[in-house]
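Excluded from the calculations below are hydrogen atoms, water molecules and symmetry mates; all remaining heavy atoms, backbone and side chain alike, are included. Just so it is clear, the structure is predicted and the values come from calculations on it, not from any experiment.
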Amino acid sequence: QVHVVESGGGLVQAGDSLRLSCAASGRTFSNLAMGWFRQAPGKEREFVAAITWSGHGTDYANSVKGRFTISRDSAKNTVYLQMNSLKPEDTAVYYCAVCRYSTTYVGRSAYDYWGQGTQVTVSS
């Protein structure tokens, strides 16, 4: 059984930083891309960032480019999302997901396994 667990969310002020972690277990994911999505109240879940199986390729939503950094430790089946210069509009539940491909995809349908999410709240 596959488990995907996010951690690291919390309440911060605008301009602060947070680091989210995502641990995947139950099988080997080192050959698969992984991604982060987020969902704000009343809005659809949207793509945030993704990283290739090798860790050498990344993709970001325009809204977070330059502020967020995705990285992975394949040996630990763990993906990280470093979020800097946080804004109130970054407030959302952040979800980690495992892609069924080795390259990055922005569409939710390309991701097979999802975590339960971690809340990030940014106050102004």
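Annotation for Q119: atom CD counts as buried by contact number, over 12 foreign heavy atoms lying within 6.0 Å. Annotation for K43: atom NZ does not count as buried by contact number, only 12 or fewer foreign heavy atoms lying within 6.0 Å.
The closest side-chain heavy-atom distance from S102 to N31 is not below 4.5 Å. Looking at D59 and F47, their side chains come closer than 4.5 Å, going by heavy atoms from C-beta outward. Taking 4.5 Å as the limit, every side-chain heavy atom of S71 sits out of range of all side-chain heavy atoms of Q82. Residues L81 and T69 form no side-chain contact, since every pair of their non-hydrogen atoms from C-beta on lies 4.5 Å or further apart. Within the 4.5 Å cutoff, the side chain of V120 has no heavy atoms near those of the T91 side chain.
Panel note: side chain T104, backbone A50; no donor-acceptor pair is recorded below 3.5 Å. Judged by distance alone, the side chain of T52 and the main-chain N or O of G57 form a donor-acceptor pair under 3.5 Å. Between the T121 side chain and the L11 main chain, no donor and acceptor come within less than 3.5 Å of each other. Here the side chain of Y60 pairs a donor or acceptor atom with the backbone of I70 at under 3.5 angstrom. E6 places a side-chain N or O within 3.5 Å of a backbone atom of G117 that can act as its donor or acceptor partner. Looking at Q39, its side chain never comes within 3.5 Å of a backbone N or O of V93 through a donor-acceptor pair.
W53 forms part of no hydrophobic cluster, judged by ILVMFWY side-chain heavy-atom separations under 4.5 Å.
Among pairs with a residue in residues 90-119, those fulfilling salt bridge (Lys or Arg N to Asp or Glu O under 4.0 Å) read R38-D90, E44-R108, R67-D90, R100-D112, at least two apart in sequence or across chains.
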Checklist entry - Run the side-chain contact (heavy atoms from CB on, under 4.5 Å) check on L20 and T118 step by step: do they pass? => result CA-CA 8 Å; L20 305 183; T118 184; 4.0 Å; yes
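In this structure, SG on C99 lies 12.0 Å from OH on Y113, to the nearest 0.5 angstrom. Note that the SG atom of C96 and the CH2 atom of W114 stand 9.0 Å from one another [nearest 0.5 Å]. Of the inter-residue distances, the one linking L32 atom CG with R72 atom CZ reads 7.5 Å to the nearest 0.5 angstrom. Here the OG-CD distance, from S63 to E46, works out to 5.5 Å after rounding to the nearest 0.5 Å.
Residues satisfying the side chain to side chain contact (heavy atoms under 4.5 Å, CB included) criterion with D73, sequence neighbours excluded, are A75, K76, Y80.
Y94 is connected to V98 through a chain of hydrophobic side-chain contacts under 4.5 Å among Ile, Leu, Val, Met, Phe, Trp and Tyr, so both are in one cluster. Clustering ILVMFWY residues whenever any of their side-chain heavy atoms sit less than 4.5 angstrom apart, transitively, puts Y101 in a cluster other than the one holding V79. No chain of hydrophobic side-chain contacts below 4.5 Å, direct or via other Ile, Leu, Val, Met, Phe, Trp or Tyr residues, connects L18 to Y95.
When ring centroids are compared, Y111 and F37 come within the 6.0 Å threshold.
Across all their heavy atoms, S85 and S17 have their closest contact at N-OG, 4.3 Å.
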